[in-house]
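Below you'll find the structure, written out as structure tokens, and then a few comments.
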Amino acid sequence: MSDWKEPRVAVVTGGASGIGLAISRRLARDGAAVAIFDLDGEAAEAAASTIRNVGDQAIGLYVDVTDRARIEEAVGEVAEQFGAPLILVNNAGRPSFVPFLEISLEHLHQILEVNLVGSFHCCQVVLPHMLEAGWGRIVNISSSSTYSGTPRMAAYVSSKSAINGLTKTLSREFAPRGVTTNAIPPSFIDTPMLRASAVGGDLDVQASIATTPVRRQGQPEDIAAACSFLCRDEASYITGQILGVDGGRS
Ligand SMILES: NC(=O)c1ccc[n+]([C@@H]2O[C@H](COP(=O)([O-])OP(=O)(O)OC[C@H]3O[C@@H](n4cnc5c(N)ncnc54)[C@H](O)[C@@H]3O)[C@@H](O)[C@H]2O)c1
């Protein structure tokens, strides 16, 4: 259980799979009512159902984070069913491996739209609830690729670097009103997205393990544990931080 003085409601985007699913499960175990927003509405509801089956609270909703009207509608549904969402985890994301000179502007915009603008929309829709309550926690999932850059990932790394900047800015703007904003840049976490990158030849798992100081691959639960901590009441003095959870890779 978390140390929240009051019951909390959390929105986790991209919560039907991988890191978002582990975060949803963890926050629900911590005592939050969790709303899973995902492009795959059926998977979101299936994930929520596994959370309810162990006695915790969750709902799964179809939400495309690029669709502002749908986000507003879904946040309204969450507020009606559970109460005002005061925790927001911006996790939905799309990878992109394309040589720089071959990236079309259309592709760049698609990646920015999900990875950056989607988080921007969710923050703008959920923040008024946090400000009214005088308490809020925003955790943005960026990427360790922002530390060093990664060849063939210019669109993705640009979008995730912007997320780190958004995190810093929101932390300065809203910390005086009780809302902390932090980012977790994961590295090399065993999820469907990462496995697809390995199958596609964009990543060598064994080579990555060999260069990871803790000598193992990260698990979604590693990110969920850090996210859970940042959402606690006792984390109120931590804001604007980019907390690497990466086995020491950065
Ligand atoms: N796995 C890693 O090693 C790693 C490393 C760095 C960063 N990340 C980031 O972590 C986050 C989660 O990645 P993951 O590895 O768990 O991937 P994943 O593919 O397992 O899960 C991503 C989820 O996001 C959902 N999604 C995609 N586009 C969406 C949209 N427009 N609206 C709503 N939902 C959408 C997908 O349906 C899926 O359920 C992503 O932002 C990713 O960039 C992952």
Side-chain angles (χ1 to χ4, degrees), residues 11-26 35-48 50 60-71 73-75 88-97 109-122 125 139-150 153 155-164 166-167 183-200 202-205 208-209 212 216-224 226-227 242-247 249-250:
V11 168
V12 180
T13 71
S17 172
I19 292 170
L21 177 57
I23 289 173
S24 300
R25 286 185 172 140
R26 176 63 193 253
I36 296 174
F37 285 8
D38 205 285
L39 196 53
D40 186 339
E42 277 183 25
E45 184 38 37
T50 65
L61 296 172
Y62 161 75
V63 179
D64 179 345
V65 297
T66 67
D67 181 347
R68 175 68 170 247
R70 179 59 194 134
I71 296 167
E73 191 178 57
V75 168
L88 170 64
V89 182
N90 285 306
N91 162 81
R94 268 188 63 177
S96 165
F97 296 92
H109 283 297
Q110 284 169 354
I111 296 299
L112 290 174
E113 202 60 33
V114 177
N115 294 359
L116 172 61
V117 183
S119 300
F120 196 96
H121 284 316
C122 290
V125 174
V139 179
N140 296 322
I141 305 300
S142 60
S143 168
S144 66
S145 60
T146 57
Y147 291 124
S148 56
T150 305
M153 294 196 82
Y156 179 84
V157 176
S158 300
S159 70
K160 293 293 189 175
S161 298
I163 285 295
N164 288 346
L166 178 67
T167 300
I184 300 175
S187 179
F188 190 44
I189 307 296
D190 184 20
T191 67
M193 183 191 287
L194 188 110
R195 275 175 242 142
S197 306
V199 169
D202 293 310
L203 179 88
D204 181 335
V205 172
S208 296
I209 289 174
T212 300
R216 70 169 173 88
Q217 190 165 14
Q219 295 302 315
E221 290 72 23
D222 292 317
I223 306 301
C227 183
I242 314 291
L243 174 64
V245 180
D246 56 16
R249 291 174 62 82
S250 59

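When a ligand or atom number is given, it counts from 1 through the structure's own listing order. For clarity, every value in this text was computed on a predicted model and none was experimentally measured.
No side-chain donor from either of Asn140 and Ser142 sits under 3.5 Å from a side-chain acceptor of the other. Side-chain contact, Ser144 with Ser187: a donor N or O sits under 3.5 Å from an acceptor N or O.
Of the possible polar contacts, one joining the Asp222 side chain to the Gln219 backbone as a donor-acceptor pair under 3.5 Å is found. Within the 3.5 Å criterion, the main-chain N or O of Thr146 finds no donor-acceptor partner in the side chain of Ser143. Side chain of Arg249 to backbone of Ser208: a donor-acceptor contact under 3.5 angstrom is found.
Numbered from 1 in the order shown, with element, the atoms of ligand 1 that lie under 4.0 Å from a heavy atom of Tyr156 read 6 (C), 7 (C), 8 (N), 9 (C), 42 (C), 43 (O). Heavy-atom contacts of Ile141 reach the following atoms of ligand 1: 9 (C), 10 (O), 11 (C) (cutoff under 4.0 Å). In the vicinity of Ile19, heavy-atom distances shorter than 4.0 Å reach the ligand 1 atoms 10 (O), 16 (O), 44 (C). Taking every non-hydrogen atom of Phe188 and a distance limit under 4.0 Å, the qualifying atoms of ligand 1 come out as 3 (O). Listed by number with element, the atoms of ligand 1 under 4.0 Å from a non-hydrogen atom of Ala92 are 24 (O), 33 (C), 34 (N), 35 (C), 41 (O). If you number the atoms of ligand 1 from 1 as listed, the ones under 4.0 Å from a heavy atom of Asp64 come out as 30 (C), 31 (N), 32 (N). Which parts of ligand 1 touch Pro192 is read off a 4.0 Å heavy-atom cut-off, strictly below it: atoms 20 (O). Under a 4.0 Å criterion applied to the non-hydrogen atoms of Gly18, ligand 1 contributes the atoms 16 (O), 20 (O).
Looking only at heavy atoms of the protein, atom 3 (O) of ligand 1 is closest to Ile189 N, 2.7 Å. Closest to atom 20 (O) of ligand 1, if we only count protein heavy atoms, is Ser17 OG, 2.7 Å. Regarding atom 25 (C) of ligand 1, its nearest protein heavy-atom neighbour is Asp38 OD2, 3.5 Å. Of the protein's non-hydrogen atoms, Met193 CE, 3.7 Å is the one closest to atom 13 (O) of ligand 1. Of all protein heavy atoms, the one closest to atom 6 (C) of ligand 1 is Pro186 O, 3.3 Å. Atom 23 (C) of ligand 1 has its closest protein heavy atom at Gly14 O, 3.6 Å. Protein heavy atom nearest atom 28 (N) of ligand 1, with residue, atom name and distance: Leu39 CD2, 3.8 Å. The single protein non-hydrogen atom nearest to atom 27 (C) of ligand 1 is Gly93 O, 3.8 Å, given as residue, atom name and distance.
Sorted by first then second residue, the side-chain hydrogen bond (donor to acceptor under 3.5 Å, both in side chains) pairs that include residues 38-48, not counting sequence neighbours, are Glu45-Arg52.
Taking the side chain as every heavy atom from C-beta outward, Lys160 and Met153 never approach each other to under 4.5 Å. By the 4.5 Å heavy-atom criterion applied to side chains, Asp67 and Ile71 are not counted as neighbours. Two residues are said to be in side-chain contact when any heavy atoms from C-beta on lie closer than 4.5 Å; Leu112 and Ser159 meet this criterion. Here the side chains of Ile19 and Met193 are not in contact, with every heavy-atom distance at 4.5 Å or above. Side-chain atoms of Ser119 and Ile163, non-hydrogen and from C-beta on, do get closer than 4.5 Å to each other.
Considering backbone and side-chain atoms together, Gly20 places no N or O closer than 3.5 Å to any N or O of ligand 1. In terms of N/O distances under 3.5 Å, ligand 1 is approached by Val65. Residue Thr66 has no nitrogen or oxygen atom sitting less than 3.5 Å from a nitrogen or oxygen atom of ligand 1, judged on distance alone. Residue Thr191 has at least one nitrogen or oxygen atom sitting less than 3.5 Å from a nitrogen or oxygen atom of ligand 1, judged on distance alone.
Only backbone heavy atoms of Val63 (N, CA, C or O) come within less than 4.0 Å of ligand 1; its side chain stays farther off. If you look at Asn91 next to ligand 1, the close heavy atoms, those under 4.0 Å, come from the backbone and the side chain alike. With a 4.0 Å heavy-atom cut-off, ligand 1 is reached by the backbone of Ser142 but not by any atom from C-beta on.
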How far apart are the C-alpha atoms of Thr150 and Tyr156, what are their side-chain angles, what is the distance that settles it, and do they pass the side-chain contact (heavy atoms from CB on, under 4.5 Å) test? CA-CA 9 Å; Thr150 305; Tyr156 179 84; over 6 Å; no

Does the side-chain contact (heavy atoms from CB on, under 4.5 Å) test come out yes or no for Gln217 and Val205, once each step is laid out? CA-CA 8 Å; Gln217 190 165 14; Val205 172; 3.9 Å; yes

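For Lys160, the heavy-atom gap to ligand 1 drops under 4.0 angstrom.
The environment of Tyr62 atom OH is dense: over 12 non-hydrogen atoms of other residues, nucleotides or ligands sit within 6.0 angstrom.
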